[in-house]
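Everything below concerns the one structure shown next.
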Amino acid sequence: MAGVDFGRFGFLQIPHVHCYVLLRSGLIAHKKMWKLARVAASNLRQKRWLSAAIPEPCMVHKRGTDILHDPWFNKDTGFPLTERDRLGLRGLLPPRVISFEQQYERFMESYSSLEKNTCNQPDDIVSLAKWRILNRLHDRNETLYYRVLIDNIENFSPIIYTPTVGLVCQNYSGLFRRPRGMYFSAKDKGEMISMIYNWPAPQVDMIVLTDGSRILGLGDLGVQGIGIPIGKLDIYVAAAGINPQRILPVMLDVGTNNEKLLHDQLYLGLRQPRLEGEEYLSIVDEFMEAVHRRWPKAIVQFEDFQMKWAFETLQRYRHRFCMFNDDIQGTAGVALAGLLGAVRAQGRPLSDFVKQKIVVVGAGSAGIGVLKMAKQVVSRMSGSSEMENSQFWLLDKDGLLTKERKKIDPAAAPFARGFGPGEIEGLREGASLLEVVKKVRPHVLLGLSGVGGIFNEEVLKAMKESDSPRPAIFAMSNPTKNAECTPSDAFKYAGENIIFSSGSPFKNVDLGNGKVGHVNQANNMYLFPGIGLGALLSGAHVISDGMLQAASECLATYMSDEEIQKGILYPSISSIRHITTEVGAAVLRAAVDEELAEGHGDVGPRELMHMSKEKTVEYISSNMWFPVYSPLVHEK
Ligand SMILES: NC(=O)c1ccc[n+]([C@@H]2O[C@H](COP(=O)([O-])OP(=O)(O)OC[C@H]3O[C@@H](n4cnc5c(N)ncnc54)[C@H](O)[C@@H]3O)[C@@H](O)[C@H]2O)c1
Ligand SMILES: O=C(O)C[C@H](O)C(=O)O
Ligand SMILES: [Mg+2]
């Protein structure tokens, strides 16, 4: 895209500048940028841009130290003198005013020093040290925190999100200093409707909720799983521009079945086994009612629930509330976009997707979510409502799933293989992964099992015999140690022409002779922010399959043929704000098409209906929050 690159201050898009892009530059007082921005803006809607460049004032009901201790409003040494006078801050800070840019530089310098000083230490120690320094800033000054996060998203997302967030959850009780978000426990039954009013913000747009029962591939971490909603919402702020004053991470603590935690004296959650059945559901019901009583338009993202509750709660609430399950639906959309990319990489038309043989390893919420969406795509492409399954093979911990399986989960049942004509001979119930890969010769091997290294040397070598000229290997389990294989093993054993994706970030692989094996990050972070943002700004009261498909299609068509040929299926994380804008617009347009969009704020359903695609993108981007110090106005 044509534009002016302002380095860490952002990228100014010339062809269709809108406030977000310009606000992204932030430093409009900076002479060089001011000049460049003026040139760009002169051809565009200058008036709107100029007004957007003056930050909105922010009402604050506090004064003095209460402001300094509130990360939403705190500017540290950045409070101008006049504001110090107005807010009773004079004398509470050292006299010199430090600019936002100087504060930014100072933080980045301390971060670099930390990197230098820890370069010989074990990875986990370094990652936790980096998380701590970011977390301290998060606790102190959110404006500066989100600014450094947005500008350095590619470097910082592995710290505040996957994989380090997993380590943080595992060590949560020891790392705990200050609470973040809300905790509703089994002991709060009957109290939730009043508790919800303890949250200080008047409005909440986006909630990420977990019960801690399946945190990444790390299992049941009980209350310690709160790190996941916090990390996901950080991505919402950075990628979707959701105002951090309108986000709410939530932990539903219904106990844990993790024996180690139950016996840990320092464990901070309820030390009791998990609630089950109706008792469990009544807690989730009460929470959902309470939230929607206070904030009827809030969107709830369910995250990292064990499979049985993931599917059950999705069915239970998706027609009543604006909610979705990220592990089932967000993951499916990202995987689908990648699978369609893998078809393009073979030089085939997208319609050939129906001929791809896909082996999915892991029959949990994520694996089945992917298969369900893939099936929808196949039936759309083939124009048949008959659900065709013949191209999919599904394995769980007991091997290949067939109709002979004794106890089969209802969600997995439609994907169990039969034994009739068209089946590959010799593939029995419970066949091993190696047998399946050897016999099926799949185009795609996709792992969502949570089992690190399960795509071993033999399995990867068997992928060399794939029927695809560019076999695709998706090792999507998180965090890093749980990935089904490393990219270097994949390129080494399955061949240099493979397409590779992992759920957690890995470096590209040096294949020698100047060749690079590209590593894609197939992570739901490419979609959930746009799904949430599009749903929010459409004002839809539910999130439909059509809205989710639109999100996935948008991501699938984002990459050029040239990039796809190089094995690049997803855009760089550094452009996540742009992708999210596009995805959000696609979701919104789908909501309008399905007559689900009820409007948001001043923008009503009719206005949304008449918005062009381009205007929708502009509407989305102009509603994205961007961190700048706003003038604070004291209101009693
Ligand atoms: N990349 C992403 O965006 C993304 C999104 C969602 C989930 N995930 C990851 O996927 C993994 C699974 O998530 P989930 O919600 O589906 O979990 P889940 O617990 O619901 O399902 C795990 C599945 O793996 C199967 N499994 C276990 N051991 C196996 C083995 N040895 N061989 C084959 N299958 C085996 C289990 O039987 C189960 O069906 C986690 O590691 C999670 O972090 C990644
Ligand atoms: O959290 C992630 O990185 C992706 C996904 O939601 C997961 O559960 O692994
Ligand atoms: Mg998840």
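Order of listing sets the numbers, starting from 1, for every ligand and every atom in it.
Residue contacts with ligand 2, taken as heavy atom pairs separated by less than 4.0 Å, do not involve Q301 at all. The part of N523 lying near ligand 2 is the side chain, judged by heavy-atom distances below 4.0 Å. Proximity of M525 to ligand 2, defined as any heavy-atom pair under 4.0 Å, is not found for any part of the residue. Contacts with ligand 1 closer than 4.0 Å are made by no heavy atom of A412, backbone or side chain. Contacts with ligand 1 closer than 4.0 Å are made by heavy atoms of both the backbone and the side chain of D396. With a heavy-atom cut-off of 4.0 Å, N524 touches ligand 1 through backbone and side chain alike. At a heavy-atom cutoff of 4.0 Å, ligand 2 is contacted by no atom of V165, backbone or side chain. Counting heavy atoms closer than 4.0 Å to ligand 1, residue V334 contributes nothing at all. Only side-chain heavy atoms of D304 come within less than 4.0 Å of ligand 2; its backbone N, CA, C and O stay farther off.
The Mg ion (ligand 3) lies closest to atom OD1 when only the N/O/S atoms of D327 are considered.
The atoms of ligand 1 that sit less than 4.0 Å from any heavy atom of A363 are 23 (C), 38 (C), 39 (O). Atoms of ligand 2 found under 4.0 Å from any heavy atom of K232 (numbered from 1 in listed order, with element): 1 (O), 2 (C), 4 (C), 5 (C), 6 (O). For ligand 1 and G503, the ligand atoms under 4.0 Å from any heavy atom of the residue are 1 (N). In the vicinity of V361, heavy-atom distances shorter than 4.0 Å reach the ligand 1 atoms 33 (C). Near L216, with a cut-off below 4.0 Å to any heavy atom, the atoms of ligand 2 are 1 (O), 2 (C), 7 (C), 8 (O), 9 (O). Every atom of ligand 1 with a heavy atom of M307 under 4.0 Å away is listed here by number and element: 20 (O). Of all atoms in ligand 1, numbered sequentially from 1 with element shown, those under 4.0 Å from a heavy atom of A366 are 6 (C), 7 (C), 14 (P), 15 (O), 16 (O).
For K375 and F415, the positive end sits near the middle of the six-membered ring, less than 6.0 Å away and at most 45° from its axis.
By heavy-atom distance, the residue among G450, A522, P163 lying nearest atom 2 (C) of ligand 1 is A522. If you check each of L527, D326, N478, T331 against atom 6 (C) of ligand 1, the one with the closest non-hydrogen atom is T331. Residue R214 holds the heavy atom nearest to atom 7 (C) of ligand 1 of all those in R214, K397, E303, K308.
Using a cut-off of 4.0 Å between Lys/Arg side-chain N and Asp/Glu carboxylate O, K130 and E115 are scored as salt-bridged. Classification of D327 and R214 as a salt-bridged pair holds, one side-chain N sitting under 4.0 Å from a carboxylate O. Between K232 and D304, no side-chain nitrogen of the basic residue sits less than 4.0 Å from a carboxylate oxygen of the acidic one, so the salt-bridge criterion is not met. We find that K438 and E465 are not joined by a salt bridge, their nearest charged nitrogen and carboxylate oxygen being 4.0 Å or further apart. Between D139 and R177 there is no salt bridge, since none of the side-chain N atoms of the basic residue sits less than 4.0 Å from a carboxylate O of the acidic one. A salt bridge between R428 and E435 is present, with a side-chain N of the basic residue lying under 4.0 Å from a carboxylate O of the acidic one. Ion pairing between a basic and an acidic side chain is recognised when a charged N comes within 4.0 Å of a carboxylate O; E582 and R577 show no such pairing.
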What's the verdict on ring pair (Phe, Tyr, Trp, His ring centres under 6.0 Å) for F500 and H518, showing C-alpha distance, side-chain angles and the deciding distance?
CA-CA 7 Å; F500 182 84; H518 186 83; 10.0 Å; no
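Annotation for K308: atom NZ counts as buried by contact number, over 12 foreign heavy atoms lying within 6.0 Å.
Rounded to 10 degrees, the OD1-metal-OE2 angle spanning D304 and E303 at the Mg ion (ligand 3) equals 100°.
Ranking the protein heavy atoms by distance from atom 21 (O) of ligand 1 puts G364 CA, 3.1 Å first.
Under the 3.5 Å distance criterion, with hydrogens and angles disregarded, a donor-acceptor pair is assigned to the side chains of E484 and S449.
In summary, no N, O or S atom of D326 is located under 2.8 Å from the Mg ion (ligand 3).
For the atom pair OG (S365) and CG (N325), the distance works out to 6.5 Å, reported to the nearest 0.5 Å.
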